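Note that the coordinates shown come from a computational prediction; the quantities given were computed from them, not determined experimentally.
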Amino acid sequence: MLKLNENLFKNLACALRMTYKEISSQSNISMTTLYRIIETPSKISVQQLIDLANGLCVPVSRFFSKDSKEPVGGREDYIEFNHYKFCFYDKDAMQKVIDSSIVSSYRDIASIVGLHPNRVKESLLAEHRLPVTRLLNLCDNLKIDFFNFVIDPNSISVHAKEQWKSLGGVSEYATIMHDFATMQREMASLKILLEDTKRDIDELNRKLNAITGTNDVQPIAWRTKRIISELAKESKNSKNRQII
């Protein structure tokens with residue numbers, strides 16, 4: 001049975017050589033919630049796990065093992081900056097399980113995960129309310145790969161691929177969400193690049209002024225910064241259009 005690697009959660013800052021503040025900021029998880037997760041990893045929700053993975057560029061699969069006490073490696077064993085692909089939750093996956101007759105209804109699922117039938121569908125679809133351990137328990141009982149629900153493009157098991165095929169593949173919703181998340185990441189990278197370029201221009205302008213002793217290069221630097229600002233504004237507008 002797949003388990004959360006509790007040792008990794010408890011030693012996350014040390015393993016990644018990051019402060020808790022940096023982890024909190026990059027994953028958009030409050031310090032209070034982060035400390036609670038580190039203290040009791042079993043309480044982490046699906047959405048919190050995904051936020052942690054995507055924020056730190058650590059594939060979701062790296063947070064699991066067959067042994068909850070698996071030894072913790074170093075930073076290079078987890079973080080993938082260059083080729084990381086966004087992980088996400090496929091909200092349509094559970095309906096595909098119902099349609100495939102693996103279980104006959106949400107009532108059957110409710111008896112497995114320990115929820116009232118009236119709440120089970122809402123809980124399973126709203127990933128931010130769904131504890132990872134509850135989803136793991138469901139997958140274990142139904143003999144379904146956990147990564148049919150939590151999609152990790154960085155590490156897709158052969159078993160998951162086979163089950164995806166039998167269930168009809170990744171849903172259209174999941175595909176759109178993955179493309180949207182990838183676009184957001186690319187735009188965030190562009191924003192960082194623009195900010196770095198602005199700093200380089202300011203530094204170059206300062207050095208040129210120091211050499212010439214005049215402000216003759218100011219108009220050139222000003223026009224360049226204006227172009228960059230317009231590019232940044234267009235990038236932001238493009239992001240807003242995508243969200244709408």
Side-chain angles (χ1 to χ4, degrees), residues 1-91 93-94 112-115 123-157 159-160 177-178 181 184-185 188:
M1 177 181 176
L2 198 63
K3 297 180 180 180
L4 283 169
N5 186 352
E6 295 186 10
N7 266 356
L8 175 57
F9 284 98
K10 293 179 180 296
N11 297 281
L12 194 60
C14 181
L16 302 184
R17 297 199 297 276
M18 298 174 66
T19 65
Y20 289 129
K21 185 176 181 180
E22 289 173 333
I23 294 174
S24 172
S25 176
Q26 291 188 204
S27 62
N28 199 29
I29 295 176
S30 70
M31 291 288 287
T32 301
T33 301
L34 181 61
Y35 284 134
R36 179 174 59 82
I37 291 171
I38 292 172
E39 182 178 350
T40 313
S42 61
K43 292 184 178 181
I44 192 171
S45 72
V46 170
Q47 188 56 55
Q48 288 167 348
L49 176 63
I50 291 173
D51 287 342
L52 199 62
N54 289 339
L56 302 177
C57 293
V58 175
V60 166
S61 57
R62 302 288 175 86
F63 288 97
F64 293 88
S65 65
K66 293 183 179 180
D67 181 4
S68 64
K69 303 302 181 183
E70 183 175 295
V72 176
R75 180 183 177 89
E76 62 280 358
D77 296 321
Y78 300 102
I79 293 182
E80 296 184 5
F81 283 124
N82 297 329
H83 306 291
Y84 182 82
K85 298 179 182 178
F86 261 75
C87 303
F88 56 95
Y89 180 77
D90 186 356
K91 294 183 180 181
M94 186 55 66
I112 295 173
V113 298
L115 286 176
S123 177
L124 288 170
L125 296 182
E127 67 272 21
H128 59 285
R129 300 178 183 176
L130 176 62
V132 170
T133 50
R134 181 168 288 164
L135 183 57
L136 282 171
N137 182 45
L138 174 68
C139 292
D140 186 52
N141 277 274
L142 298 181
K143 308 303 179 186
I144 298 175
D145 196 304
F146 176 84
F147 294 105
N148 279 331
F149 298 94
V150 178
I151 313 301
D152 182 358
N154 305 284
S155 178
I156 303 177
S157 69
H159 185 216
M177 285 302 296
H178 175 259
Q184 284 183 311
R185 186 171 186 81

Q) With no hydrogens and no angle check, is any side-chain donor or acceptor of N54 less than 3.5 Å from a backbone partner on F86? A) no
Q: Could you tell me whether the side chain of F147 reaches within less than 4.5 Å of the side chain of L2, counting heavy atoms only?
A: yes
Q: Sort out for me which residue in N141, L135, D140 forms a side-chain contact (heavy atoms from CB on, under 4.5 Å) with L138.
A: L135
Q: Using the side chain to side chain contact (heavy atoms under 4.5 Å, CB included) rule, take D51 and N28 through it: C-alpha gap first, then chi angles, then the decisive distance, then the call.
A: CA-CA 7 Å; D51 287 342; N28 199 29; 5.7 Å; no
(Q) Applying side chain to side chain contact (heavy atoms under 4.5 Å, CB included) to V72 and L12, what does each step give before you reach the verdict? (A) CA-CA 9 Å; V72 176; L12 194 60; over 6 Å; no
Q. Between L52 and V58, is any pair of side-chain heavy atoms under 4.5 Å apart?
A. no
Q) Does Q48 offer a backbone N or O that forms a donor-acceptor pair with the side chain of S45 under 3.5 Å? A) yes
Q. Taking the six-membered ring for Trp, is the centroid-to-centroid distance between F64 and F146 below 6.0 Å?
A. yes
Q) For the atom pair OG (S25) and CE (M18), what is the distance rounded to the nearest 0.5 Å? A) 8.5 Å
Q | Check against side chain to side chain contact (heavy atoms under 4.5 Å, CB included), F9 and I44 | A | CA-CA 10 Å; F9 284 98; I44 192 171; 3.8 Å; yes
(Q) Quick test of your reading of the model: are R62 and E80 salt-bridged, counting only N-O distances below 4.0 Å? (A) yes
Q) Taking all non-hydrogen atoms of both residues, which atom of M31 and which atom of Y20 are closest, and how far apart? A) SD-O, 3.5 Å
(Q) For the OG atom of S30 and the CD1 atom of I37, what is their distance to the nearest 0.5 Å? (A) 8.0 Å
Q) Side-chain contact, heavy-atom cut-off 4.5 Å: I144 with F149? A) yes
Q. Just by modelled atom types, is the L8 backbone N or O under 3.5 Å from a matching donor or acceptor in the N11 side chain?
A. no
Q | Under 3.5 Å side-chain donor-acceptor pair for N5 and N7 | A | no
Q) Near E76 CD, under 6.0 Å, is it more than 12 heavy atoms from other residues, nucleotides or ligands? A) yes
Q. Looking only at heavy atoms, which two atoms of P153 and C87 are closest? And how far apart?
A. CD-CA, 4.1 Å
Q: State, to 0.1 Å, how close L56 and I79 come at their nearest heavy-atom pair, and which atoms those are.
A: O-CG1, 3.7 Å
Q. Can you tell me how far CD of E6 sits from OG of S65, rounded to the nearest 0.5 angstrom?
A. 9.0 Å
Q | Exercise: do S61 and D152 side chains pair donor with acceptor under 3.5 Å | A | yes
Q. Would a distance-only check, ignoring hydrogens and angles, find a side-chain to backbone donor-acceptor pair under 3.5 Å from S24 to I29?
A. yes
(Q) Tell me the closest heavy-atom pair linking N148 and D90, and the distance in Å. (A) O-CB, 4.2 Å
Q) For I23, does its backbone N or O pair with a side-chain atom of Q26 as donor and acceptor, under 3.5 Å? A) no
(Q) Quick check: closest heavy atoms across L16 and Y78, and the distance to 0.1 Å? (A) CD2-CB, 3.9 Å
Q | Minimum heavy-atom distance between L4 and P41, given as atom pair plus value | A | CD1-O, 3.5 Å
Q | E39 side chain vs R36 backbone, donor-acceptor pair below 3.5 Å | A | no
